Number of protein chains: 2
Amino acid sequence: MNMDAIFKVLANPVRVRILTWLKDPDTNFPPMIHLPEEEKGKGYVCVGVIQEKAGVTQSTVSHYLNLMKQAELLSCKRIGQWTYYRRNEETLQTTADYIAKHL
Amino acid sequence: MNMDAIFKVLANPVRVRILTWLKDPDTNFPPMIHLPEEEKGKGYVCVGVIQEKAGVTQSTVSHYLNLMKQAELLSCKRIGQWTYYRRNEETLQTTADYIAKHL
DNA sequence: TGACCATATCGAAATAATGCGATATCTATG
DNA sequence: CATAGATATCGCATTATTTCGATATGGTCA
């Protein structure tokens with residue numbers, strides 16, 4: 001796990017907000033109506049609604065999401081013309097543990 | 001507590017290393033021979049030895065230490081011509097708790 | 001296939017962080 | 001008070017990040 005990349009992600013408050021919004025997609029985002037039934041309830045949120053809520057341009061949010069994916073804080077799945085991102089709880093957990101232990 | 005400033009401190013690997021070195025001054029730094037008896041064992045380390053170990057210039061380490069102090073990750077005490085820095089365990093603890101809970 | 005929508009990538013300008021050398025400040029001491 | 005040592009601050013050049021608009025890509029559907 002690349003802690004360095006993770007801390008760089010966290011150094012930007014918009015990215016941190018996105019990360020926390022994704023903890024509870026149901027209250028922070030509209031329902032993902034194009035998501036197939038079997039993928040629902042897994043925390044997936046498409047780029048467009050994240051962009052709108054974050055208040056940055058489409059290219060910026062795409063860049064941010066990519067950084068977070070490189071750091072393995074998010075994973076994504078493309079379904080149709082949409083890309084859905086969700087938290088990678090394993091990395092988040094490991095990060096929290098690392099900080100508690102080594103910081 | 002300013003999480004934003006804290007995450008910015010952590011975004012630099014040299015600063016993170018300094019923070020972790022200060023967890024165990026006895027093994028990471030030479031003894032602070034000018035420190036008065038009553039201040040020993042409190043984790044204080046002077047700027048010079050941190051600079052040497054970090055491998056950056058004096059002005060750079062001073063700047064880093066100041067950023068970490070602003071973020072309340074470190075506190076400092078001037079004794080004689082030396083400034084001694086040590087970890088602020090309270091902030092570190094609160095940070096770890098915050099991350100575990102909100103991230 | 002062609003128009004359309006969502007997302008990704010590219011290129012560039014603005015802003016911020018990095019990290020240095022030079023200089024200032026502060027403290028001790030002769 | 002003059003000097004010396006430790007640290008802080010200043011000014012600046014370099015590099016990285018931010019963030020945008022423009023464009024490319026990839027999927028959908030008539």
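Chain letters run A, B, ... following the sequence lines, proteins first, then strands; residues in each count from 1. These numbers come from a predicted model, not from an experiment.
- Applying the side-chain contact (heavy atoms from CB on, under 4.5 Å) test between A:Val9 and each of A:Ile18, A:Thr95, A:Leu73 identifies A:Leu73 as the sole match.
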### Task
Could you go through the side chain to side chain contact (heavy atoms under 4.5 Å, CB included) check for B:Leu103 and A:Val16 one step at a time?
CA-CA 8 Å; B:Leu103 220 62; A:Val16 173; 4.2 Å; yes

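- Applying the salt bridge (charged side-chain N to carboxylate O under 4.0 Å, His left out) test to A:Arg87 and every residue at least two apart in sequence or in another chain returns A:Glu89.
- Sorted by first and then second residue, the ring-ring contact (aromatic ring centres under 6.0 Å, His included) pairs with a member in residues 74-103 of chain B read B:His34-B:Trp82, B:Tyr98-B:His102; sequence neighbours excluded.
- The stretch residues 18-55 of chain B has no heavy atom under 4.0 Å from DNA chain C, so no residue of it qualifies as close.
- B:Ala11 and A:Asp4 make their closest contact through O-OD1, 4.2 Å (heavy atoms, listed as atom of the first residue, atom of the second, distance).
- Here the side chains of B:Gln93 and B:Asp97 are in contact, with some heavy-atom distance below 4.5 Å.
- Residues of residues 69-86 of chain B that place a heavy atom closer than 4.0 Å to DNA chain D, in numerical order, are B:Arg78, B:Gln81, B:Trp82, B:Thr83, B:Tyr85.
- Of the candidates A:Glu72, A:Met1, A:Met3, A:Met1 is the only one forming a side-chain contact (heavy atoms from CB on, under 4.5 Å) with A:Thr94.
- You'll find the side chain of A:Trp21 stays beyond 4.5 Å of the side chain of A:Val45, heavy atoms only.
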### Task
Would you check, one step at a time, whether the test side chain to side chain contact (heavy atoms under 4.5 Å, CB included) holds for A:Leu19 with A:Leu74?
CA-CA 8 Å; A:Leu19 211 47; A:Leu74 299 182; 3.8 Å; yes

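- Not counting sequence neighbours, the partners of A:Glu37 by the salt bridge (charged side-chain N to carboxylate O under 4.0 Å, His left out) test are A:Lys40.
- Shown here are the side chain to side chain donor-acceptor pair (under 3.5 Å) partners of B:Asp24, two or more places apart in sequence or in another chain: B:Thr27.
- For B:Lys77, the salt bridge (charged side-chain N to carboxylate O under 4.0 Å, His left out) partners at least two apart in sequence or on another chain are B:Glu39.
- Near DNA chain C, meaning a heavy atom under 4.0 Å from it, residues 57-67 of chain A has A:Gln58, A:Ser59, A:Ser62 in order of number.
- Residues satisfying the side chain to side chain contact (heavy atoms under 4.5 Å, CB included) criterion with B:Arg86, sequence neighbours excluded, are B:Lys42, B:Tyr44, B:Ser75.
- Of the residues in residues 3-13 of chain A, not one places a heavy atom less than 4.0 Å from an atom of DNA chain C.
- Put simply, the side chain of B:Leu10 does not reach to within 4.5 Å of the side chain of A:Ile99, judged on heavy atoms.
- Where DNA chain C meets chain B (any atom under 4.0 Å from a heavy atom), the bounding nucleotides read 5' to 3' are C:dA17 to C:dA28.
- Although no hydrogens or angles enter the test, the distance criterion places a donor-acceptor pair under 3.5 Å between the side chain of A:Arg15 and the main chain of A:Lys8.
- In the model, B:Ser62 has no side-chain atom that pairs as donor or acceptor with a side-chain atom of B:Ser59 under 3.5 Å.
- In this structure the side chain of B:Ile79 reaches within 4.5 angstrom of the side chain of B:Pro36, judged on heavy atoms.
- For DNA chain D, the span of nucleotides reached by chain B at under 4.0 Å from its heavy atoms goes, 5' to 3', from D:dG5 to D:dT9.
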